[in-house]
Amino acid sequence: MTVLSTPLSRLVGDRTAKALAKLGLETGWDLARHYPRRYGDPSRLTDFGDLPLGDHVTLNARIARTSLRPTRKPRISMLDVTVTDGSGEITLRFFGAHGYLASRERRLYAGRVGLFTGTVERFGGKLMLKNPGFEFFDDDDEEDKAAALERMSRPTPIYAATAALPTWRIRGAVQTVLQPLTEDDVPDPVPTEILERDGLPTLREALRLVHDPRTEEDWRRGRERLRYEEAFVLQTALAARRAEAEAEAATAREARAGGIRDTFAKRLPFTLTEGQQEVVAEISGELARPWPMQRLLQGEVGSGKTVVALLSMLQVVDAGGQAALLAPTEVLAAQHSRSIRAMLGPLAEAGMLGGAEDATRVELLTGSLPAAARKKALLAAASGEAGIVIGTHALLSEGVQFADLGLVVVDEQHRFGVEQRDALRAKAAVTPHLLVMTATPIPRTVAMTVFGDLETSTLREIPAGRSGIRTFLAPSGHPRWTQRTWELAREQIEDGGRVYVVCPRITAEGDDVETELLDEAAEDGEAQALPVAPAGNGKPQLAAVDEVAAILREHPALDGIRVGELHGRMSPEEKDAAMAAFASGEVPVLVTTTVVEVGVDVPEASVMVIMDADRFGISQLHQLRGRIGRGSRAGTCIAWTTAREGTPAMARLRAFEATTDGFELAQVDLEQRREGDILGAAQSGHGSSLRLLRVLTDTKVIEKARWDARKIVDRDRTLAAYPALRQAITEQLDPERAQFLDRT
Ligand code: ADP
Ligand code: MG
């Protein structure tokens, strides 16, 4: 056990260790990796311009004046120290015995510059820190003036701190841990050859540079190296994983001329776009190799990914194997099963009267199937009769057996993480080929980071013949907009169209908000404060499916038109029935939550009304809008909102109104979101290895690290010659994510 893996209680004492534990720091390593947030420079004062009320802050400020006076309480005095950033002022207020405060006042003299830390409060119209902690750049009792001056000119690391644990106590603890360390105590995951090539400091040196810099140049150099290290460790893990997967055997599934795939392709009612043809060819080639394909297919909403997947699945069927298609929801699985059966026609009717000669069978396998149907589907999967099995992710976890699973297609799941991929590999005797599909555009570096072990293809074109979608923002509850919206709905329905009405909540009572992104919208601060429809108790209330459906059923404009509901609380059968009634036109208005967000394909749908649109994130809005304008019918999307101009929510909505280009919207989205949301739980949660690396902006670093990592892994797949690197991967990455190394 090295010094750095020792628990902090043994290194810095129990009391400090306890306080550090509150910051999630348990070992010497944790503390060494708790990098300063920023650096204080005595010559650069903190700008008081935008201090957030209620936040714990550390201010670099100059004392302007002090005043000590008694309070109304006996024996308690009050010392006000006014500090300035050069223009604004904040009061530091101390309470205590007169004598104690008087001695404190002697240290807090006007002109002195120091760090002050506390929680920002507003008191009598003024900003204030109560009983703040403080520290000066010039030490009170430092004898050696030259040393004091030198110390004062150094950047001071400022750590993420709490009231109980000010930044200088963290700094002290870090120094206690770091100072005695030798190079040998700090094994460096970055190989010497790279350090030498790029002139980078060792890990030991880099930690000193960031935690105890002499100059700004020092900490910049230290951070640069640590940032590279993060990218490098992650890319090595991904490269090793990929190499491992490629070293596995898979069954080659070659295309068979004149097979079911060719027959199907000939029968397609449309020609494939150029992009579709390219991707189909690419996948076809990879399926024919004796090692597993690992491909991510990105494609704009409506770009026609399903048909690409279907052609790929049929190639595997032609070669005697089976394919599984996994959807994120049962609604979507059921829809895929319906539409794929419809597309295949007699080709999906093996063994049935009227079935084509080459035909196969398509089985839907979801948890909600009646026992008998489920048994039949399970049997068809296990016997190999079913060439295509469609279900949710439960297909992987439940005891579903395949006779010869050759390809797994994962739909609409750009976060189909490494863990699930491992589960999949563990499932089949021979690793199946894998195709992950997503409509959420992922920037290249993010793809390289999250999916560094997958190859990526992109469908950029939308098939011709789409009539486009117009988007309008409407002020919620505005009588003219309301009237026009429902009149448009009626016209469209009379013309054979369908109307979605999307709400953020299921019922008017209760807190059953059906979307994860709502919290994020709420964090913008303005959204939740605005009432949408005043509820009885005066609390702001978001549109709810049951309430909106009830209103629409009574609405004169929709007289005689049936209104259905769809949400996550309904049983799978109910959901299925609601979708089917909507698709057939029997119930042409569907009031729903975001369960329709992904993949649902009803070509007649032409109107989408989104209530409280400001509550949804951009990618959700984009996905929702992608549900209309899918056929020859032009779409109209009306987003209702109470958001005000100038707020982040309104910025999102304006971007949404202005363009239907998913890549453009993704960019806006990314700019508004935090890193963790992009990477997903696998990397933002506990054990995250990314502290300094910014996936969106550190493109060059990531590319270089990827290159270096691949070279190393090509040479030494199990990293036998790089124990520190191997160790870093196991320690820094999520335990589950690193497991594969132990298996090698
Ligand atoms: P997504 O990529 O969003 O999953 P889908 O695969 O659901 O898109 O395709 C959307 C619609 O476009 C479907 O109705 C599909 O049949 C149709 N489609 C797919 N490819 C083409 C094409 N090349 N030309 C015309 N229509 C197409
Ligand atoms: Mg789809």
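Numbering of ligands and ligand atoms starts at 1, following listing order.
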Open item on the list: Given 3.5 Å as the limit, does a donor-acceptor pair link the side chain of R261 with the main chain of R256, or not?
Closed with: no
TODO: Please work out whether any backbone atom (N, CA, C, O) or any side-chain heavy atom from C-beta onward of Q276 is under 4.0 Å from ligand 1, and answer side chain, backbone, both or neither.
DONE: side chain
Task: Which of the ligand 1 atoms, numbered from 1, are nearer than 4.0 Å to a heavy atom of L272 - done: 23 (N)
TODO: Kindly write out the residues that satisfy side-chain contact (heavy atoms from CB on, under 4.5 Å) with S571, not counting sequence neighbours, or none if the list is empty.
DONE: E573, E574
Task: Contact with ligand 1 for D411, non-hydrogen, under 4.0 angstrom - done: no
TODO: For T271, take its heavy atoms, then give the atoms of ligand 1 lying under 4.0 Å from any of them.
DONE: 22 (C), 23 (N), 24 (N)
Open item on the list: Tell me whether D612 contacts the main-chain N or O of A543 through its side chain, where contact means a donor paired with an acceptor under 3.5 Å.
Closed with: yes
- [ ] Give a yes/no verdict on whether any heavy atom in S303 is under 4.0 Å from an atom of ligand 1.
- [x] yes
Open item on the list: Can you name the atoms of ligand 1, numbered from 1 with element, that are less than 4.0 Å from a heavy atom of T273?
Closed with: 23 (N)
- [ ] Please determine if V307 has a nitrogen or oxygen closer than 3.5 Å to a nitrogen or oxygen of ligand 1.
- [x] no
Open item on the list: Within the supplied structure, the quantity of interest is the number of heavy atoms (other residues, nucleotides, ligands) at a distance under 6.0 Å from E487 CD; does it exceed 12?
Closed with: yes
Task: Per-atom contacts of ligand 1 with T306, taking only distances under 4.0 Å to non-hydrogen atoms - done: 4 (O), 5 (P), 6 (O), 7 (O)
- [ ] Check whether NZ of the Lys or CZ of the Arg R625 lies under 6.0 Å from the centre of the six-membered ring of F656 and within 45 degrees of that ring's axis.
- [x] yes
Task: Pair S337-R341, side-chain donor/acceptor within less than 3.5 Å - done: yes
